[in-house]
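Chain letters run A, B, ... following the sequence lines, proteins first and then strands; every chain starts at 1. Only this structure's heavy atoms are used, side chains among them; waters, hydrogens and symmetry mates stay out.
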There are 2 protein chains.
Amino acid sequence: MAKSDTRIQKKNQAAILGAGLEVFSQFGFRGSTLDQVAEAAGMSKPNLLYYFKSKEGIYTALLSQLLNDWLEPLQALDAEGDPIEQIIAYARRKLAMSQHYPRESRLFANEIIQGAPRIGDVLRGELKDLVDEKVAVIRRWQAAGRIADVSPYHLIFTIWSLTQHYADFDVQVRAILPDEDPFEGAALHLDRTLQAILTP
Amino acid sequence: MAKSDTRIQKKNQAAILGAGLEVFSQFGFRGSTLDQVAEAAGMSKPNLLYYFKSKEGIYTALLSQLLNDWLEPLQALDAEGDPIEQIIAYARRKLAMSQHYPRESRLFANEIIQGAPRIGDVLRGELKDLVDEKVAVIRRWQAAGRIADVSPYHLIFTIWSLTQHYADFDVQVRAILPDEDPFEGAALHLDRTLQAILTP
DNA sequence: CGTGTGTTTGACCAGATGGTCAAATATGAG
DNA sequence: CTCATATTTGACCATCTGGTCAAACACACG
């Protein structure tokens, strides 16, 4: 019985999710108010709640909408490709996401630092399964002697932490490097680091 | 004219700061309430405010009290020591802090992700100066050919991100590695990674 | 143009939250 | 023990916040 969304509904839902991303990524869930989101979306608070049941509804809609985009780069890691090339390509995709979608990165960071109360199940389910699968791929590469024998789990943590650092701690990075674009140096450094770790 | 604190004052101030650390590190500043802090400190809300002027007062007292501990490991980096040894020792100290003081790490992470509204000046001042000083040390080591020629700034970011990741994203790390202590593998991985990057 | 449906909002409410205050209670120096 | 001072708290207040509701408005379709 679900009617397909009208033009206006699509436009407003998109505006609300955009505003929610802006606000929630900066202040976290509890630190944000509906008035802030409404203001950022350019509409009244009751109108927000005409499109989404509650504050929580906006937030969880955002989280689940973004989760797929967030996992996609790792899914693209190809067991048939060249090992070092594949891993570096993955790291570059992740870094590019930090550069172009820092708000999404900070949204997840806020959520996870505060104990992941709303996506803990996804972390322990979908995410863990995906990581386990790719860890198996890396282990096969290692067994064949094609890359060095580092812990695949910690290798993945290395890529996550290094790339997300530039988005999540952007203020700190720019406090240290006020006169340059951190992402240029980061890309080069990331390449060299992974080369150094992975070369057998 | 400042009277030295009595026994009771010392005890209660410590209790409040401990409670504040517990609560603020989990929910961030805006996400925490004075009632939560009072409850965790085992006293009434008005009594909290007898010792600290405001919620903000507790928070900023915490931040500035912890900042020194946070910068100390980097200060201890010794220009006269063996380069690779010194850098790895720094990374290990940082990792140990993430392991033993994860709440402090998350407190800073929350603050910085949300734009560091209260410690931006410290980042651009004290922290930047300290980092610049140590970067100069690393550059001298590199000029002497004693370590590889990586960007010193990004090397430091690497150490920060890798070590703090295990504290700040603890929930995610443990979701992926439910059956082991992540810090054991992390220490080994960190050593190997830095060896690989730094060996000329 | 008129009518039914979808959209928007001003006014409002209940509960939470940061902070105040006067009164009660504990403490310790003489 | 006594009293001045330090400590503690119940009751309270103003503001903020998530959410509701009825009324107003816009719009498409006959």
What's the NZ-P distance between K45(B) and dT9(D), to the nearest Å? 14 Å
Rounded distance in Å - OH (Y59(B)) to C1' (dG18(C)): 17 Å
What is the distance, to the nearest angstrom, from the CD1 atom on I58(A) to the C1' atom on dG18(D)? 11 Å
Quick test: give all pairs of protein nitrogen or oxygen and nucleotides 21-30 of chain C nitrogen or oxygen below 3.5 Å, distance rounded to 0.1 Å.
residue, atom, partner, partner atom, Å
dG28(C), OP1, R7(B), NH2, 3.0

With a 4.5 Å heavy-atom cut-off, do L155(A) and I87(A) have their side chains touching? yes
Rounded to the nearest angstrom, tell me the gap between atom CD in Q9(A) and atom P in dG6(C). 9 Å
Let me know the distance between CG of L49(A) and C1' of dT20(D), rounded to the nearest Å. 9 Å
Under 6.0 Å between the ring centres of H154(A) and Y166(B)? yes
Using distance only, find each side-chain donor-acceptor pair of residues 58-71 of chain A under 3.5 Å and give its atom names and separation, not counting sequence neighbours.
residue, atom, partner, partner atom, Å
Y59(A), OH, E111(A), OE1, 2.6
T60(A), OG1, E56(A), O, 3.0
T60(A), OG1, G57(A), O, 3.3
S64(A), OG, T60(A), O, 3.1
S64(A), OG, A61(A), O, 3.3

Between F108(A) and D168(A), is there a side-chain heavy-atom distance shorter than 4.5 Å? no
Note: contacts of residues 10-40 of chain A with DNA chain C (heavy atom, under 4.0 Å) are N12(A), R30(A)
No-hydrogen, no-angle side-chain donor-acceptor test under 3.5 Å, D132(A) and Y153(A): yes
For K55(A) and dC16(D), give me the distance from atom NZ to atom P, rounded to whole Å. 16 Å
Any side-chain heavy-atom pair of L194(A) and I159(A) under 4.5 Å: yes
Classify the nucleic acid contact of Y51(B) as base, sugar-phosphate or nothing, counting any heavy atom under 4.0 Å across all strands shown. sugar-phosphate
With sequence neighbours excluded, residues passing side-chain contact (heavy atoms from CB on, under 4.5 Å) with V137(B): A79(B), R140(B), W141(B)
Just distance, no hydrogens or angles: give the donor-acceptor pairs under 3.5 Å from side chains in residues 19-29 of chain B, sequence neighbours left out.
residue, atom, partner, partner atom, Å
E22(B), OE1, R103(B), NH1, 2.6
S25(B), OG, L21(B), O, 2.7
S25(B), OG, E22(B), O, 3.2

Under-4.0 Å side-chain N/O to phosphate OP1/OP2 contact, N47(A) with dT9(C): yes
Should Y50(B) be listed as having a side-chain N or O under 4.0 Å from OP1 or OP2 of dT8(D)? no
R174(B) meets the salt bridge (Lys or Arg N to Asp or Glu O under 4.0 Å) criterion, sequence neighbours left out, with D170(B)
